[in-house]
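A quick write-up on the structure given underneath.
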Amino acid sequence: FGAHTFRRTAFAGDYTGLEIQRTLVAKAEQLEVPILDHVYITRLLVRDNVVFGAYGFDQSDGTRYLIHADAVILAAGGHNRIWRRTSSRRDENTGDSFRLAVEAGARLRDPELVQFHPSGIIEPENAAGTLISEAARGEGGILRNALGERFMSKYDPERMELSTRDRVALAAYTEIAEGRGTENGGVWLDVSHLPRETIMTRLPRVYQTMMELQMLDITTEPIEIAPTAHYSMGGVWVRPEDHQTDVDGLYAIGEASSGLHGANRLGGNSLIELLVYGRIVGQAAMAHAAGLDAQRRSPEAVMRARAEIDDLLAADGRENVRALQRAIRNTMTQHAGVVRSDEGLRAGLADLDMIEGRMEDIGIHPDIAGFQDLAHAFDLKASALAARATIEAALERRETRGCHNRSDYPDTDPTLQVNLVWSPTGGVTHEPIPEIPAEIAELMREVDTEGKLVE
Ligand SMILES: Cc1cc2nc3c(=O)[nH]c(=O)nc-3n(C[C@H](O)[C@H](O)[C@H](O)COP(=O)(O)OP(=O)(O)OC[C@H]3O[C@@H](n4cnc5c(N)ncnc54)[C@H](O)[C@@H]3O)c2cc1C
């Protein structure tokens with residue numbers, strides 16, 4: 001993958017995440033861990049800043065679930081589906097982690113740091129942003145503009161297509177913005193010169209996806225791509241040593257969490273983080289649970305969670321949830337995308353005020369097919385919160401750093417090498433970047449520059 005010092009990506013073809021998921025599910029089944037696959041969590045339950053469970057409903061039949069837990073690990077993903085073109089599937093990564101954590105009393109960190117991956121497909125519209133894995137460039141894919149120029153030679157002549165994602169995304173964005181893009185507003189990613197066997201063994205998912213979505217054979221044709229919102233480096237504020245949030249017993253991991261990747265995640269590091277912190281956080285949550293002598297609950301917290309669903313189910317306004325979700329995605333795309341500015345971000349905030357006003361008048365109508373409409377309403381609340389946090393922090397980060405490009409502040413400002421921490425009441429505050437925990441720093445020293453463990 002791009003910008004690695006040596007070849008070290010852990011992968012299973014380009015189905016790595018799927019393999020991890022299969023293993024995890026198989027192990028959970030083996031240990032007889034109950035899996036509530038259809039339950040949508042609407043609230044984390046907290047008493048005196050200590051978590052004691054979660055509340056939700058079954059998306060197929062509306063059954064309510066009250067789950068008591070001594071510790072909760074929030075792993076509900078990031079917020080990249082609040083942009084129009086995104087690598088996330090429908091109804092995922094709508095910022096649920098952010099809302100659940102903030103309503104539980106936690107804060108967010110660096111929500112403005114969102115990675116735009118250089119290669120999302122453009123068509124069809126309902127699949128816009130679907131990812132073409134970085135493995136395509138890793139295996140030797142070439143980027144060209146509409147004039148046929150291999151444009152990365154202008155932006156990073158040394159690393160070319162294997163530059164960091166932020167640089168490649170900005171390069172593609174610039175080519176398109178300056179009129180050298182394709183008719184559909186993209187650039188070309190070409191792997192057709194690679195041996196067919198490489199494509200079929202290393203890029204089987206890309207091959208299959210392009211066949212299914214566009215009937216395009218990537219062994220002979222280039223792929224039309226443009227930057228797509230892909231990964232939340234920012235997220236819920238967590239302690240670096242064990243990823244506990246501001247709330248006792250509440251942990252966050254993966255895209256829900258923040259801090260590990262700075263302002264620019266390298267390819268492959270998300271799944272590795274999940275493996276490494278899965279273990280660390282699991283152990284910390286277990287120790288927290290074992291250390292409790294009693295679980296103190298709050299009937300009021302449960303009542304509030306219940307009432308929130310009741311109120312939404314009774315909502316019969318004229319505004320459509322899907323239309324409002326689309327409005328947020330349009331606003332974020334227009335005003336808080338790959339390149340941002342003070343003027344654009346302020347326009348984005350004004351749009352958001354208006355959208356939040358319209359959200360007062362939504363109508364929720366579960367039907368015979370299930371309670372998805374209710375889930376979408378909660379997704380909408382989460383997206384609005386995530387969008388506000390993102391724009392407010394993006395306004396405050398008056399510099400260009402990693403994935404965050406400000407046209408009005410094109411340089412990195414050393415005084416802004418800080419975390420921006422957000423809460424709905426406190427707004428944005430600056431915090432020094434925490435030290436790397438001693439044990440992790442020690443481990444890092446033990447790995448030499450070729451990635452080998454030094455005995
Ligand atoms: C096509 C593609 C290829 C990728 N390839 C790589 C790669 O090769 N290497 C790499 O390191 N990274 C890769 N990534 C990134 C990586 O897959 C993600 O960053 C990672 O899966 C994030 O994991 P997560 O557990 O934090 O969140 P997710 O995998 O997004 O999981 C969040 C889960 O929470 C559930 N959820 C959300 N809200 C609620 C709620 N309210 N109630 C109940 N459940 C909820 C969702 O349904 C989802 O199942 C890729 C991403 C994509 C899209």
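It should be emphasised that the depicted structure is a prediction, and the values quoted were computed from it without experimental measurement. Whatever order the structure lists them in is the order used to number ligands and atoms, beginning at 1.
The list of side chain to side chain donor-acceptor pair (under 3.5 Å) pairs with a residue in residues 184-193, not counting sequence neighbours, reads Asn184-Glu224, Asp190-Ser192.
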Inset, instruction - May I have the step-by-step check of salt bridge (charged side-chain N to carboxylate O under 4.0 Å, His left out) for Lys381 and Glu308, ending in yes or no? - result: CA-CA 12 Å; Lys381 282 186 182 210; Glu308 186 178 33; 3.0 Å; yes
Inset, instruction - Check step by step if ring-ring contact (aromatic ring centres under 6.0 Å, His included) holds for Tyr251 and His243. - result: CA-CA 6 Å; Tyr251 301 81; His243 278 200; 9.1 Å; no
Distances only, to 0.1 Å: what are the N or O pairs between ligand 1 and the protein that fall under 3.5 Å?
| unit_1 | atom_1 | unit_2 | atom_2 | d |
| --- | --- | --- | --- | --- |
| ligand 1 | 11 (O) | Gly268 | O | 3.0 |
| ligand 1 | 11 (O) | Ser270 | N | 3.1 |
| ligand 1 | 11 (O) | Leu271 | N | 2.8 |
| ligand 1 | 19 (O) | Glu255 | OE2 | 2.7 |
| ligand 1 | 19 (O) | Ser270 | OG | 2.7 |
| ligand 1 | 26 (O) | Glu255 | N | 2.8 |
| ligand 1 | 38 (N) | Asp96 | OD2 | 3.1 |
| ligand 1 | 41 (N) | Ile41 | O | 3.0 |
| ligand 1 | 41 (N) | Asp96 | OD2 | 2.9 |
| ligand 1 | 42 (N) | Ile41 | N | 2.9 |
| ligand 1 | 47 (O) | Glu92 | OE2 | 3.0 |

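Here CD1 of Ile253 is found 8.5 Å from CD1 of Ile280. Values are rounded to the nearest 0.5 Å.
Residue His38 qualifies as open at atom NE2: its count of foreign heavy atoms under 6.0 Å is 12 or below.
Taking the six-membered ring for Trp, Tyr231 and His117 have ring centres at least 6.0 Å apart.
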